> 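There's a structure below that I have some questions on.
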There are 2 protein chains.
Amino acid sequence: MTIKVIIVDDQAMVRAGFAALLAAQSDIDVVGEAPDGREGVEVSRRSHPDVVLMDVRMPEMDGLEAARQLLDPPRGVTHRPKVLMLTTFDVDDYVYEALRAGASGFLLKDAPPADLISAVRVVAAGEALLAPSVTRRLIADFARQRPAPRRDGPALRRSGLTPRETEVLELIARGLSNQEIAESLVLAEQTVKTHIGRVLAKLGLRDRAQAVIFAYESGLVTPGQ
Amino acid sequence: MTIKVIIVDDQAMVRAGFAALLAAQSDIDVVGEAPDGREGVEVSRRSHPDVVLMDVRMPEMDGLEAARQLLDPPRGVTHRPKVLMLTTFDVDDYVYEALRAGASGFLLKDAPPADLISAVRVVAAGEALLAPSVTRRLIADFARQRPAPRRDGPALRRSGLTPRETEVLELIARGLSNQEIAESLVLAEQTVKTHIGRVLAKLGLRDRAQAVIFAYESGLVTPGQ
DNA sequence: CATACGATGAGCCGCATGGGTGATGTGCTG
DNA sequence: CAGCACATCACCCATGCGGCTCATCGTATG
């Protein structure tokens, strides 16, 4: 079973190079190419590739928007390829946007050819792969944003919340309903309600909306940055 | 300039295998070994390696705790190696703990030898590298925890909220009830409910708690005064 | 051993909240 | 002037949510 790939890049030379490189592999077929995001989406809808190699910067429609459309397809479109983003410069905005959109990988164009080939196989297999510099940033971001969720914040410390109550509060602040919190923590919904009742009482809050505010203001959760 | 590596694993056979594999590389020197985390930390402090290959599961002190000690050294210890975690099973708790501790990579022991070698070079260079399955999970986690609406302006601007609706959203994010919002804006409560209904529909939110989250994540309101 | 606290969960009750439909007035724009 | 977006408000309805009470169980803590 060969891996069907399409290449979306505005530079014809780049497309030709990648196509030659990949087509030389016995388990990879290049079944299409496109010079911009809009056409890339069309080609993908037509040829149903397993993997889409997508440049970030392109005219008409950039790679990020194209990736979003492929990964969050409209009603009726069932095909959902893996998207492997490519870029010349590793600008982090691109990376984060791409990963949010659901891309399976992010490589720099100056990566060794062998890396590109193995990357195609990896994402075709449902796994994911990032350029080392991107990995480093993602890890740094991950570690920074929750070095073991900060249970500090003056208001929070003096609040007298138990660990479990704090946990429930955090899920409230992530927008979950009582039922969802119960499922997430493997509890009866009634237990969740009890916890929430205590949280609201201890913090002097009226409802979950105010609880969300408290969670943000106390630093229990932080706006994504 | 060769890369100095130590190998920490409780299985002598694994140590021997990795050592042989790495020592065969002209740019890599294996300068030490240890059978558990405690000794691993000692050996690292003595031999100042560039990279520590660290098994997760070990007697005495597991790889996670050892990694923490190496990556967050006590006063007086200036040496801070890169840590590349190794595991047989990819249990995510381990992964997250290791990444929080500041590890530069996480590989499965069944990875191809070439991957291990290149991983050592990558982390020695200050970059990071994860096993594809780990990468996939990290990305999924990343995307899940901040999916759609975010980033001060764009999400808000593209949301299509009218000025009045935005005003109501802000008051929701201040913790006011519908009745209080109505009083604050000199409206009937029913009008407030209509506005809120439209806000929720336009933003794809379920309830006012999620609306509060959106307000914070979009920058409409910010923590701290 | 007695006590206290935390976690779990049940039952009941009332209201704020959210969804849907529809109507009116106003101001801007083609 | 016709059309449209926006703001305003009414009525109905189902229910998620929060308040209140009470009970069980395990683990510290004295």
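Numbers restart at 1 for each chain; the letters A, B, ... are given by sequence-line order, proteins then strands. Only a predicted model underlies this, so the values are computations on that prediction, with no experimental measurement involved.
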> Can you list everything that forms a salt bridge (Lys or Arg N to Asp or Glu O under 4.0 Å) with B/Arg80? Sequence neighbours excluded, please.
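Result, salt bridge (Lys or Arg N to Asp or Glu O under 4.0 Å) vs B/Arg80: none returned.
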> Assess whether side chain to side chain contact (heavy atoms under 4.5 Å, CB included) is satisfied between B/Lys109 and B/Asp55, documenting all intermediate values.
CA-CA 9 Å; B/Lys109 285 185 186 173; B/Asp55 190 24; 3.3 Å; yes
> How long is the gap from CZ on A/Arg38 to CD on A/Glu60, to the nearest 0.5 Å?
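CD of A/Glu60 is found 5.0 Å from CZ of A/Arg38.
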> Take the C1' atoms of the five end pairs on each side of the helix from C/dC1-D/dG30 to C/dG30-D/dC1, get both axes, and report the angle to 10 degrees.
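Rounded value for the end-axis angle: 40°.
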> So B/Val221 and B/Glu170, side chain to side chain contact (heavy atoms under 4.5 Å, CB included) or not? Walk me through it.
CA-CA 7 Å; B/Val221 301; B/Glu170 191 176 335; 3.9 Å; yes
> Nearest 0.5 Å, please: how far is NE2 in A/His195 from CG in A/Leu185?
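Answer for the CG-NE2 pair, A/Leu185 versus A/His195, is 8.0 Å.
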> At what distance, to the nearest 0.5 angstrom, does CE of B/Met54 lie from OG1 of B/Thr87?
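One finds 13.0 Å between CE of B/Met54 and OG1 of B/Thr87.
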> Polar pairs (N or O, both sides) under 3.5 Å between protein and nucleotides 26-29 of chain D?
none

> How does protein reach along nucleotides 3-21 of chain C, written 5' to 3' as B (base within reach of a heavy atom under 4.0 Å), S (only sugar-phosphate), or - (no contact)?
---SSBBBB-----BBSB-
> Could you measure the distance from the CG atom of A/Leu169 to the CG atom of A/Leu203? Nearest 0.5 Å is fine.
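Taking CG in A/Leu169 and CG in A/Leu203, the distance rounds to 6.5 Å.
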> Could you walk me through whether B/Asp36 and B/Val8 pass the side chain to side chain contact (heavy atoms under 4.5 Å, CB included) check?
CA-CA 6 Å; B/Asp36 63 56; B/Val8 186; 6.0 Å; no
> I would like to know whether A/Glu127 and A/Val123 meet side chain to side chain contact (heavy atoms under 4.5 Å, CB included); could you show each step before the answer?
CA-CA 5 Å; A/Glu127 302 293 1; A/Val123 306; over 6 Å; no
> With rounding to the nearest 0.5 angstrom, report the CD1 to CZ distance, A/Ile139 to B/Arg100.
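Nearest 0.5 Å value for the CD1-CZ distance: 12.5 Å.
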> Mind listing the N/O atom pairs, protein and nucleotides 24-30 of chain C, below 3.5 Å?
none

> Who passes ring-ring contact (aromatic ring centres under 6.0 Å, His included) against A/Tyr216, sequence neighbours left out?
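Here the qualifying residues are B/Tyr216.
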> Taking the side chain as everything from C-beta on, heavy atoms only, tell me whether A/Val51 gets closer than 4.5 Å to A/Pro81.
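Side chain of A/Val51 against side chain of A/Pro81, heavy atoms only: no contact under 4.5 Å found.
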